[in-house]
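Taking it in order: structure first as structure tokens, then the write-up.
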There are 2 protein chains.
Amino acid sequence: MGDKENQEVGTSGQENTLPIGTKSPITVTVGTKGPVLIIGAGLIGGSLGMALARQGVEVYLRDASPTAVSLAASLGAGKVWESGLPAPRLVVVATPPDVTANVVEASLQEFPAAMVFDVSSVKTPIVSAVLASAAEAAARYCSVHPMAGKEVNGVGAASADLFTGRPWVIVAHEKTSSAAVLAARTLGTDVGAFLIALDPQEHDRAVALVSHVPQLVSSLMGGLLIEAPVTALELAGGGLRDVTRVAASDPRLWNAILSGNAPAVKTILEELQRNLSDLIAGLDSGQTTSETPTDPWSTSAVGAVNTVMTRGNEGVGRIPGKHGDAASQYGQVAVLVPDEPGFLGRLFQEIGQANINIEDFRLEHSLGQARGLAIIYVIPASVEPLTAHLQGAGWSVASL
Amino acid sequence: MGDKENQEVGTSGQENTLPIGTKSPITVTVGTKGPVLIIGAGLIGGSLGMALARQGVEVYLRDASPTAVSLAASLGAGKVWESGLPAPRLVVVATPPDVTANVVEASLQEFPAAMVFDVSSVKTPIVSAVLASAAEAAARYCSVHPMAGKEVNGVGAASADLFTGRPWVIVAHEKTSSAAVLAARTLGTDVGAFLIALDPQEHDRAVALVSHVPQLVSSLMGGLLIEAPVTALELAGGGLRDVTRVAASDPRLWNAILSGNAPAVKTILEELQRNLSDLIAGLDSGQTTSETPTDPWSTSAVGAVNTVMTRGNEGVGRIPGKHGDAASQYGQVAVLVPDEPGFLGRLFQEIGQANINIEDFRLEHSLGQARGLAIIYVIPASVEPLTAHLQGAGWSVASL
């Protein structure tokens, strides 16, 4: 980071008025002299070390686990930190969230000239704790959230490209100096991420809504399958698979994150609970107490379902990007793909030869058969030419 | 259907002991003489007509809407039914679910020698209604559920290949003759589907669990986004997109299906409600009544989250096929793909040249940027060779 600047760090309390999310109009005070110290040699810490080391930045690593830190060093994420080394200009705390605030506070004390960042997934409790104890040193502290975690964790999954094209949320607090904000922005830009600025409460509410609650909803849906008959599961289609995909995520990765954001998560789950109760009440009033509905298509039941469905349409339509409206915006061509080496490669060679752009793509595996359907999303005008081209080349094409 | 057999239909009350799901050991009584009549010229009816017409079967179409039936006929789904034609050997009722039972009963009366099938998505109310009124004629009635509907509806989306590789659920009732079951099996096989046998209650509970409740859960999650700040939605990642993908489905398509299966759906939603309440209670006890948690990583909150996460793991692991365990079973290689024509085609040509089999694939669009990440799932041993091959060919590869 900061290769474009070469002044020394030492920023507490000055130039604290730069609005978050704007380019700095001032001469910046971010230095490049001195190394970067990363505390916590896991997926994020290791990946950050690799990304910085690749750019020639001197990176040191510290971890409570000697095994983790030497593994990270052997993977090219930096050198093992030792006492007596020059003080770092920047400390990035990438520890588990339940110890992050303490490590940030200790780092601000240990390295009185360094910027200190943390990369935790939940901000309010950590920023509050640091502000409560750090006093003036808090100006050197800025929180960032690289939203690049995956289903796997640990430095073994680390990569210098982990942050490429991913959100990098800058979470400044009221005492963060403009220099610290700029350093956080520069770091994110240098590792290929794109920048978003939120305050701690905004951040925690946002990730509760777009990450934590979807994870819990998916897991709750997955949990309903535990007692399901095998014959029922054989009917599972793309819908169930999509909804439950992240339910396969590692609980060890999520327990601390989700419980650490309990207030924001709980608020949203309570709204979900109210909407769910309304739906159940609507379905209930369409039937008697027995298993047999008196009127399976009662106005009440249809109305309750319609409310949930139309609200779902409206909400999902607000998600930026293509997926939310792929069904309406794009045409689909489904191709039967035997589950054998090379076929999918051949299919995409065919599509490449037809000179048709693929807007989106997903695989849907058939049940009880060793083959799948490749669903290709293209602009509506390309459905017919693509279908004709593929059929001409001998592929079995199913319109959707 | 039934091209392999050539005896005439006329089966009421005989050979009613063939177990569902076994091959017939007896000389079958399914005939091929006489046409097939499809009532309801929508997505399923039209697709079935196309699939049968392609095999040389004489297909007629009837629909309350003259426009729909002539559109279906012009698309090759069959000929428009007129009075005075030879009686059909098979009537397939593909109307909206709220009129299906009445149409089945009328068809059993109108065509006293024909098998009558319906293709509705919910079975208990329809089968019950038919059994209550049809008496002996019910032997000629078998319900089937081709699980091939998509986000779109209407004969305009119909295709002769709609059923290829999809589940075709045979839902016999206690009076269905073995000949009718065999005819339903033959029809499913002839259109390329794979067969599953369930009784009406099993069927409705199964589709509630694997189709209807996931749809509602996705829509409920989508509905939570209606009031979300745009900055929060900009953080949306693959998890939210997966969970809410089917929330974009057309309410008109789902309202009757979901409310028609209200008893089975409600039972599962009530279990969801209990699990959700337990989760909220667990999150609650980790904090005070204010917005600030006293202990964000309280044992209670972590325990409640862990229960939901581990149950989600267990349930999703029971879904057959690859997707449920893709994260653990396969390695992932992520490639930065500019959102420009031909790049994805070129990428798959590269992968084809590397002679590496793609186990699964998904696109993840980056936010605020006109490019995406292509996530390629391969067997673990292929991650390194694929990464090396793609990097050698100039692609920007991010390990996950």
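None of the values given here were measured: they were computed from a predicted structure. Naming: A, B, ... by sequence-line order, numbering from 1 per chain.
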Quiz item: Any idea which of A/Val265, A/Thr231, A/Thr244, A/Leu224 has the most non-hydrogen atom pairs under 4.5 angstrom with chain B?
Solution: A/Leu224

Exercise. Look at A/Gly315, A/Ala354, A/Ser218 and state which one has the largest set of heavy-atom pairs under 4.5 Å with chain B.
Key: A/Gly315

Quiz prompt | Close side-chain approach of B/Arg252 and A/Met309, heavy atoms under 4.5 Å | solution = no

Practice problem: Give the minimum heavy-atom separation between B/Leu233 and A/Arg318, together with the two atoms involved. | Solution: CD1-O, 3.5 Å

Quiz item: How far apart are the closest heavy atoms of A/Pro214 and B/Leu240, and which atoms are they?
Solution: CG-CD1, 3.5 Å

Quiz prompt | When B/Leu225, B/Val305, B/Ile226 are compared by non-hydrogen pairs under 4.5 Å with chain A, the top option | solution = B/Ile226

Quiz item: Where do B/Leu198 and A/Leu235 land on the side chain to side chain contact (heavy atoms under 4.5 Å, CB included) test, with the steps shown first?
Solution: CA-CA 11 Å; B/Leu198 295 173; A/Leu235 301 183; 3.8 Å; yes

Quiz item: How close do B/Ile319 and A/Ala236 get, heavy atom to heavy atom, and via which atoms?
Solution: CG2-CB, 4.0 Å

Practice problem: Let me know if B/Ser211 has heavy atoms under 4.5 Å from chain A in its side chain, its backbone, both or neither. | Solution: neither

Quiz item: Where is the tightest heavy-atom contact between A/Ser259 and B/Val302, given as atom of each residue plus distance?
Solution: OG-CG2, 3.2 Å

Exercise. Select, from A/Val230, A/Val308, A/Val217, A/Val213, the one with the greatest count of heavy-atom pairs under 4.5 Å involving chain B.
Key: A/Val308

Practice problem: Select one option (side chain, backbone, both, neither) describing which atoms of A/Ser277 are under 4.5 Å from chain B's heavy atoms. | Solution: both

Quiz prompt | Which of A/Ile351, A/Leu279, A/Val243 touches chain B most, by non-hydrogen pairs under 4.5 Å | solution = A/Val243

Quiz prompt | Leading residue by heavy atom contact count with chain B [cutoff under 4.5 Å; candidates A/Ala206, A/Ala228, A/Ala160, A/Ala208] | solution = A/Ala228

Quiz item: Residues two or more places apart in sequence or in another chain: which of them pass side chain to side chain donor-acceptor pair (under 3.5 Å) with B/Glu202?
Solution: none

Quiz item: Which bit of B/Glu227 comes within less than 4.5 Å of chain A, counting heavy atoms only: side chain, backbone, both or neither?
Solution: backbone

Quiz item: For the atom pair CD (B/Glu270) and CD1 (A/Ile280), what is the distance rounded to the nearest 0.5 Å?
Solution: 5.5 Å

Self-check item: Check: A/Leu216 and B/Leu276 side chains under 4.5 Å, non-hydrogen atoms
Solution: no

Practice problem: Answer yes or no: is there a side-chain heavy-atom contact under 4.5 Å between A/Glu234 and B/Pro167? | Solution: no

Quiz item: What residue pairs, at least two apart or across chains, pass side-chain hydrogen bond (donor to acceptor under 3.5 Å, both in side chains) with a residue in residues 305-315 of chain B?
Solution: A/Asn255-B/Asn306

Exercise. Would you mind telling me which of A/Val207, A/Asn275, A/Leu272, A/Ile268 has the largest number of heavy-atom pairs within less than 4.5 Å of chain B?
Key: A/Leu272

